[in-house]
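Everything on this sheet refers to the single structure shown next.
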Amino acid sequence: MVEGVETGTARFRTRFVVQVILPVAALALAIALFAFVGARTSARQSDQESIARQAREVELAVSATLDELAQSQTGVAIWDPVVLELRKSRPDRGWIDQNVGTWLNYVFDHDADFILDARDTPVYAMIDGIGADPARYHRLAESFLPMVRAVRGRSSRKANPHERLPGQALAPGSSVRTSASTFHATDLATVGGRPAAVSVMRIVPDSSAVPATPGHEPLLVSIRYLDADLMRELSQIRLIARARVTDAPAAPQSLDLSIPLISTRGVHLGFFTWRPELPGSTVLRSTAPVAAAAFISVLALLALLVFGIARLMRKDLRSLALLQAAHVELKAKEAQAHHLAYHDALTDLPNRAFFHNAVDQALGQQRPGSACAVMLLDLDRFKKVNDTLGHLGGDLLIQVVAGRVQACLREGDLVARIGGDEFAILIPAHGSSDATAGTAEAILKALREPFEILGTQVFIGVSIGIAIHPDCADDRADLLRKADIAMYRAKAEGRDAYRFFNAGMDESLIVRRSLEQDLRTALDTGEGLSVCYQPQMDGTGSKVTGLEALMRWRHPKRGELSPDAFIPIAEEAGLIDQLGRWVLEQACGVARCWPDLSIAVNVSPLQFRKPGCAEAIRQIVHAAGVDPAQIELEITEGILLDEDETVRDALVHLRRMGFRIALDDFGTGYSSLSYLRKFEVDKIKIDRSFVKRLGHDLEAAAIIQAVVTLGHAMALSVTAEGVETEEQGQMLRLAGCNELQGFLFSEAVPQAAIRQLVDRKRTSLAA
Ligand code: C2E
Ligand code: CA
Ligand code: CA
């Protein structure tokens, strides 16, 4: 049972893992992945947007630097005093420093400012806030000479959004902050190897008071390097972190980003590099621990949930498994109980209840025209085995008998043990009486064979009664009752036989039951019972030598009954012992009255089988004061067939005490003289059926002659019974019979009539 629970648990475990844990884990993983990818994507997107925004800022910053540079120039380039000062043959350098160079450097952080005259010759230079030799202009000018030409209107180059060029409209999307009074070219350029914002502007008067000199104006060249200073400004004002200009772009794995610095004329100046602000990554990075913690908590919660479910389910499963196991056990017990209820524990054959069911079923399924048979078996002499070998021997015998009976049956037949030594057979398909009789005969033969039980050879036999449905009975109870009647008939008619039930039996059985009751009453009250005596004559038939005591019963309603009718009933009802004693007592009374006559008393085999029988007989005879030698005990052949020590011992014992033993009804049973050697008897009584045949068939005479000869050879006295005619008497005398008995001499008479018999002189049988 526990094993079942365990395999159930194992099966549950795998099923639980597959059906609950795996899906939940997959779900948790999917959610985590989804959340992570989502967060990453949105962080990336926000980062990308931020980068784009910053790049735009940088562009705007550069563009603003250019526009601011040009705007810062206008303060001095569109101003009458400067124009006038420069028109002097010897301009005041100090004034120019103060109002142009130092001003632009100090206020607007210009790194260098040059002034060119009408012929583009540098006339003034201020570098890093210090007045310098104007000739230094040539060393730096190379990259922005095209701008100078453009401002002069000597170039076809198109204006960029930061410029105002002569003869050109403002570029689309122009961001110039200067007034239309002057022209300027403004762009990025490499100055002395350094990227820089450069603006070249015509210096023009701001009022009409000073006449203009179009095409011949002096030029202001301002330079602002895109260097640390500018970058610091960018960082602070535009919040671009760690902004700087580099020759090479930032390494891809670094945290910095670069965008190329290209002049509006497509000149590559280097890279603008900065540490971009990545708000997505920042948010991701800052929220990652919280998200991880949340995810772990969810996982833990899920795990707890799953665990809880598992525990609940396992508990349920265990209870279920226990319940199933209990159910299975219950079923097994039920089946066992059912088997026990319907089987015999000793032979494992079906029992009476099973048999009854089977018969009911067979009767229910009977088709018109078909028949089924029921056999009842009662073992002969089983009680004796039980008495001598004990219950163990009896049990073993029953088991072997069960096996032998089963071996005699055909398929479909059913044998059950319905009592101690009773078996019942159902033949559902009873074809013909011959076939069923064949089965019965096979059983008889099988059980006639000796049994080896506990080292002892045992002989038993069986009496079988057979009833057929629907010939004999309609229902089960009636069918079984009739098989029982037939079985008793087989028993009564000498055992070791089978009988089919016939209507006559039924009636006799009913009669039998009531007779049994009446006999009991008669024995108790002594009313109706009596003993008559039939004389036994000497061989000549002239002299009474003895008397045979024969029981008589005058039934209150049925009148005089033959012992042949009531002795078997007494035997069956267990009354024979009591009856036998009573007859013996009566006979002893007669024996005392007629000391010269031997008194013969019939003793039933059943009396002999009872232990202590010899002693009981001795006591009765002794109590009556009769010499045992005067008493002759008549036994039948059947008793000698009992390989029973009890019977043999009793006979030997009785003979030793002086009783004489006569073998009654000789020739009707096994007719074997060999028995006579085993059981010493004193006399044999040739059965009246042989005597009756005398004069009709020669064989009877020959048999009688042989018996007489053999008996004499064995020193036995030979009596002939049932002598009814003179002729028979004559033949028997001639055959050598020692005594004769029969109606020829007298029927059995009441005790009171004995004297008359003895005294009556009879002529002896003619010699
Ligand atoms: P059984 O011992 O063979 O007794 C002889 C039977 O033959 C008696 O029948 C007797 O009346 C009958 N008989 C005698 N002469 C003739 C004759 O010439 N012709 C014919 N046809 N019959 C004759 P009964 O008295 O009816 O007894 C029948 C059987 O009953 C006896 O047969 C005996 O076996 C049994 N029996 C009678 N009395 C007792 C008894 O007290 N105890 C026991 N155990 N059995 C008894
Ligand atoms: Ca007799
Ligand atoms: Ca007889």
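All figures in this text were calculated on a predicted structure; none of them were measured in a lab. In each ligand, atom 1 is the first atom listed, and ligand 1 is the first ligand listed.
The distance from ligand 1 to the heavy atoms of V583 drops below 4.0 Å at these ligand atoms: 41 (O). The distance from ligand 1 to the heavy atoms of E548 drops below 4.0 Å at these ligand atoms: 1 (P), 2 (O), 4 (O). Close approach of ligand 1 to S604 (heavy-atom distance below 4.0 Å) involves ligand atoms 44 (N). Applying the 4.0 Å criterion to heavy atoms of E724 picks out, from ligand 1, the atoms 17 (C), 18 (O), 19 (N), 20 (C), 21 (N). Close approach to V723 involves these atoms of ligand 1, each under 4.0 Å from a residue heavy atom: 18 (O). Annotation for ligand 1: atoms under 4.0 Å from non-hydrogen atoms of D564 are 28 (C), 29 (C), 30 (O). Listed by atom number, the atoms of ligand 1 under 4.0 Å from G742 heavy atoms are 15 (N), 18 (O).
Using modelled atom types, no side-chain atom of D682 and backbone atom of A662 make a donor-acceptor pair closer than 3.5 Å. Remark: side-chain polar atoms of T439 are paired, donor with acceptor, to backbone N or O of A435 under 3.5 angstrom. D395 places no side-chain N or O within donor-acceptor distance of the main-chain N or O of Q399, the cut-off being under 3.5 Å. With hydrogens and angles ignored, the 3.5 Å screen pairs a side-chain donor or acceptor of Q607 with a backbone N or O of S604. Side chain of Q728 to main chain of T725: a donor-acceptor pair is present (N/O by atom type, distance under 3.5 Å, no hydrogens or angles).
The protein non-hydrogen atom at the shortest distance from atom 3 (O) of ligand 1 is E721 OE2, 3.1 Å. Here the heavy atom of the protein found nearest to atom 15 (N) of ligand 1 is Q534 NE2, 2.7 Å. Counting only heavy atoms of the protein, atom 11 (O) of ligand 1 lies nearest to R552 NH2, 3.7 Å. Shortest contact from atom 40 (C) of ligand 1 to any protein heavy atom: M551 CE, 3.7 Å.
The Ca ion (ligand 3) sits nearest to atom OD1 when only the N, O or S atoms of D664 are considered. Among the heteroatoms counted here (N, O or S) of E548, OE2 is the one nearest to the Ca ion (ligand 2). When the Ca ion (ligand 2) is compared with the N/O/S atoms of E634, atom OE1 turns out nearest. Of all N, O or S atoms in D665, the one lying closest to the Ca ion (ligand 3) is OD1.
With respect to D378, the salt bridge (Lys or Arg N to Asp or Glu O under 4.0 Å) criterion is satisfied by exactly one of K383, R417, K491: K491.
Distance check on atom 24 (P) of ligand 1: some protein heavy atom falls below the 4.0 Å cut-off. Within a 4.0 Å radius of atom 32 (O) of ligand 1, the protein has no heavy atom.
Taking any N or O of Q607, backbone or side chain, none lies under 3.5 Å from an N or O belonging to ligand 1. For ligand 1, the polar-atom distance check against I567 finds no nitrogen or oxygen pair separated by under 3.5 Å.
K683 and E739 are joined by a salt bridge, as a carboxylate oxygen and a charged side-chain nitrogen come within less than 4.0 angstrom of each other.
The OH atom of Y498 sits 13.0 Å away from atom CG of L377, with the distance rounded to the nearest 0.5 Å. With rounding to the nearest 0.5 angstrom, the CG atom of N386 is 10.0 Å from the CG atom of L392. Going from atom CD of E721 over to atom CZ of F666 covers 12.5 Å, rounded to the nearest 0.5 Å. Atoms CD1 and CG, from I468 and N502 in turn, are 12.0 Å apart once rounded to the nearest 0.5 Å. From I466, atom CD1 reaches atom CG of L479 across 11.5 Å, with rounding to the nearest 0.5 Å.
A pairwise comparison of heavy atoms in V544 and L757 identifies CG2-O, 4.1 Å as the closest pair.
Taking all heavy atoms of V601, L561, N602, D665 into account, the minimum distance to atom 44 (N) of ligand 1 is reached by N602. Across S689, P563, P568, heavy-atom proximity to atom 27 (O) of ligand 1 is greatest for P563. Looking at W553, F745, F743, F566 and measuring to atom 18 (O) of ligand 1, the nearest heavy atom belongs to F743.
With a 4.0 Å heavy-atom cut-off, ligand 1 is reached by no atom of E747. Contacts between L550 and ligand 1 below 4.0 angstrom, taking non-hydrogen atoms only, involve backbone and side chain alike. Heavy atoms of R688 found under 4.0 angstrom from ligand 1 belong exclusively to the side chain.
In the model, Q536 has a side-chain atom that pairs as donor or acceptor with a side-chain atom of Q741 under 3.5 Å.
Using a 4.0 Å cutoff on heavy atoms, A748 does not count as a contact of ligand 1.
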Could you go step by step and tell me if M657 and V621 meet the side-chain contact (heavy atoms from CB on, under 4.5 Å) rule?
CA-CA 11 Å; M657 288 185 233; V621 174; over 6 Å; no

